[in-house]
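Just so it is clear: chains get the letters A, B, ... in the order the sequence lines come, proteins before strands, and each one is counted from 1.
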Amino acid sequence: CSAYSNLMKLVCRARKFEEVSSILGEMHKRGCNLSSTFTTLIIGYGKAKMFREAIEILDTMPSYGCTPNVITFNSLINLLAESGEHTYCVMVFQRMLEVACTPDSYTYTCMMKSFAKQGKMDEACSLFDEMTEKGWTPSVLTYSALVDGFVKVGEVGSAWLRYEEMKNKGIVPSAYSYGVLLSALRKGKHMEHASELFEEMKERGIANVFAYNVMMDGYGKVGEADKARKLFKEMKAANMRPDECSYHTLISALAKSRRMELAGRYFEKLKEMRKVPN
RNA sequence: CACCAAGAUAAAUUUGAGG
């Protein structure tokens, strides 16, 4: 059975969906548990942007003796949310409730992301309340969805309040999560808030190259190339190795501020490192 | 860099012609 399910993964990756039904048929004949395979298929269709087909799996499952479970629904909802298919997303969530499959923290977070992507922060917040009322604990991903959404609709204040709320609940962001939050603030050009987060990150000793890159990009985009360059130097002084992206970001920041002599110098350094400029 | 595995579901950074 595991050989079959690996085969299904390969079929999805190669987008050979015409092979799907014969594999499912064989697996069924041999009595394999197909639940995980259906999830794989759903994600496969999602990556191929075949949303209709992904959703139809929900109807296919029962004929193979399977019932969609939380993981099935979550996977589907997640890919619809990420792809901006908000209408389908809401439809599937509705359907999940109809078949009495209980949404969990993951489900709510995905739904919040979908609403946030549409700029519908009121709805996103209602879902947040509903989720906590039902006893689910919001994660750093849940809060990141709110922060990102509020920044997108231009409400940095609300975004920041949510961040504080998260900290007050004792949720400690990982380096990765800081990256997500920094990037959200950067997109809205809120570098003062971003730098406050970044300082926090440094105090905790978890600042990384990725975070430096995000900060440099943000400063570059608001025309503060000198701050970007300062961070570049600081990163090296802290024994972190700037990667290719760091160079690309810094060069572009300098070029945007018309500091061409400096941009050229970093461009030469990039080539010396035998990296390919993009 | 590519492929595979662990493990059926989660998020982050760089260039931009054209529209």
Side-chain angles (χ1 to χ4, degrees), chain A residues 1-10 12-14 27 32-44 46-47 54 57 61 66 68-83 92 96 101 103-114 116-117 138-149 151 173-187 194 197-198 201 207-221 228 231-232 235 242-256 263 266-267 270 275-278:
Chain A
C1 287
S2 76
Y4 277 118
S5 89
N6 284 328
L7 179 60
M8 190 61 90
K9 280 186 203 169
L10 292 171
C12 285
R13 186 175 300 200
M27 291 181 80
C32 300
N33 179 6
L34 288 166
S35 281
S36 60
T37 302
F38 279 116
T39 304
T40 304
L41 239 186
I42 285 177
I43 295 167
K47 292 207 169 123
I57 301 283
M61 290 178 73
C66 288
N69 58 21
V70 211
I71 297 183
T72 321
F73 277 109
N74 285 354
S75 306
L76 186 52
I77 287 173
N78 177 52
L79 75 90
L80 293 171
E82 289 291 329
S83 312
V92 172
M96 184 178 185
C101 182
D104 62 11
S105 161
Y106 187 120
T107 324
Y108 280 108
T109 303
C110 291
M111 288 309 297
M112 287 166 56
K113 260 196 291 194
S114 194
K117 241 188 164 83
S139 68
V140 65
L141 277 85
T142 315
Y143 277 104
S144 300
L146 287 179
V147 171
D148 188 64
V151 169
S174 64
Y176 194 104
S177 306
Y178 272 111
V180 176
L181 293 162
L182 286 178
S183 184
L185 294 164
R186 170 196 61 97
K187 273 185 261 169
L197 276 199
F198 189 53
M201 213 183 163
N208 57 14
V209 173
F210 199 103
Y212 272 99
N213 292 352
V214 175
M215 292 301 291
M216 289 196 298
D217 181 58
Y219 282 128
K221 297 237 157 88
L231 285 178
F232 188 87
M235 171 166 43
D243 58 13
E244 258 173 277
C245 180
S246 315
Y247 279 93
H248 296 159
T249 308
L250 179 61
I251 291 168
S252 148
L254 290 165
K256 194 180 160 89
Y266 286 105
F267 184 68
L270 181 62
K275 301 282 190 190
V276 187
N278 70 3

Across the strands shown, which category fits [X] at heavy-atom distances under 4.0 angstrom: base, sugar-phosphate, nothing?
{"X": "A:Leu10", "result": "sugar-phosphate"}
{"X": "A:Thr109", "result": "base"}
{"X": "A:Thr39", "result": "base"}
{"X": "A:Lys221", "result": "sugar-phosphate"}
{"X": "A:Asn69", "result": "base"}
{"X": "A:Asn6", "result": "sugar-phosphate"}
{"X": "A:Ser177", "result": "base"}
{"X": "A:Leu182", "result": "nothing"}
{"X": "A:Asn74", "result": "base"}

>> I'd like to know whether the aromatic ring centres of A:Tyr178 and A:Phe198 sit less than 6.0 Å apart in this structure.
In response: no

> How about A:Tyr247 and A:Phe267: are their ring centres within less than 6.0 Å of each other?
Replying inline: no

> Near RNA chain B, which residues from residues 140-147 of chain A have a heavy atom under 4.0 Å away?
Replying inline: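 Under 4.0 Å from RNA chain B: A:Leu141.
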
> Could you state the interatomic distance from SG (A:Cys110) to CD1 (A:Ile77), rounded to the nearest 0.5 Å?
Replying inline: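 Answer rounded to 0.5 Å: 7.0 Å.
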
> Nearest 0.5 Å, what's the CD1-OG1 distance between A:Ile42 and A:Thr37?
Replying inline: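 Reported value, rounded in 0.5 Å steps: 11.0 Å.
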
Euclidean distance, atom [atom1] of residue [X] to atom [atom2] of [N] [Å, nearest integer]:
{"X": "A:Tyr178", "N": "B:U13", "atom1": "OH", "atom2": "C1'", "answer": "18 Å"}
{"X": "A:Phe210", "N": "B:U13", "atom1": "CZ", "atom2": "P", "answer": "5 Å"}
{"X": "A:Phe198", "N": "B:A12", "atom1": "CZ", "atom2": "C1'", "answer": "14 Å"}
{"X": "A:Lys47", "N": "B:U9", "atom1": "NZ", "atom2": "P", "answer": "9 Å"}
{"X": "A:Leu76", "N": "B:U9", "atom1": "CG", "atom2": "P", "answer": "15 Å"}
{"X": "A:Met216", "N": "B:U14", "atom1": "CE", "atom2": "C1'", "answer": "9 Å"}
{"X": "A:Asp217", "N": "B:U14", "atom1": "CG", "atom2": "P", "answer": "5 Å"}
{"X": "A:Ile42", "N": "B:A10", "atom1": "CD1", "atom2": "C1'", "answer": "15 Å"}

> Would you say the side chains of A:Asp217 and A:Thr249 form a donor-acceptor pair under 3.5 Å?
Replying inline: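 There is no such pair (donor and acceptor under 3.5 Å, judged by atom type) between the side chains of A:Asp217 and A:Thr249.
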
>> Between A:Ser139 and A:Thr142, is there a side-chain donor-acceptor contact under 3.5 Å, judged purely by atom types and distance?
In response: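 Their side chains do contain a donor-acceptor pair, which is all the 3.5 Å distance test asks for.
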
Can you tell me, in whole Å, how much space there is between the [atom1] of [N] and that of [M]?
{"N": "B:U14", "M": "B:G19", "atom1": "P", "result": "24 Å"}
{"N": "B:U9", "M": "B:A5", "atom1": "P", "result": "13 Å"}
{"N": "B:U13", "M": "B:A17", "atom1": "C1'", "result": "23 Å"}

Of the nucleotides [options], which one has an atom closest to the side chain of [X]?
{"X": "A:Lys9", "options": "B:U13, B:U9, B:A8", "value": "B:A8"}
{"X": "A:Arg13", "options": "B:C4, B:U14, B:A8", "value": "B:C4"}
{"X": "A:Val180", "options": "B:U14, B:A8, B:A12", "value": "B:A12"}

> Think A:Arg186 has a side-chain N or O under 4.0 angstrom from the OP1 or OP2 of B:U14?
Replying inline: yes

>> I'd like to check the salt bridge (charged side-chain N to carboxylate O under 4.0 Å, His left out) partners of A:Lys187; sequence neighbours left out, ordered by chain and number.
In response: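 Here the qualifying residues are A:Asp148.
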
> Taking N and O atoms by type only, does the side chain of A:Ser183 place a donor or acceptor under 3.5 Å from a partner on the base of B:A12?
Replying inline: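 Not at all, since no donor on one side and acceptor on the other fall under 3.5 Å apart.
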
> Would you say the side chain of A:Met215 lies within less than 4.5 Å of the side chain of A:Arg186, judging by non-hydrogen atoms?
Replying inline: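 SC-SC contact between A:Arg186 and A:Met215 ruled out.
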
>> In the structure I gave you, are the side-chain heavy atoms of A:Met96 and A:Leu76 within less than 4.5 Å of one another anywhere?
In response: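 No. Closest side-chain heavy atoms not under 4.5 Å.
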
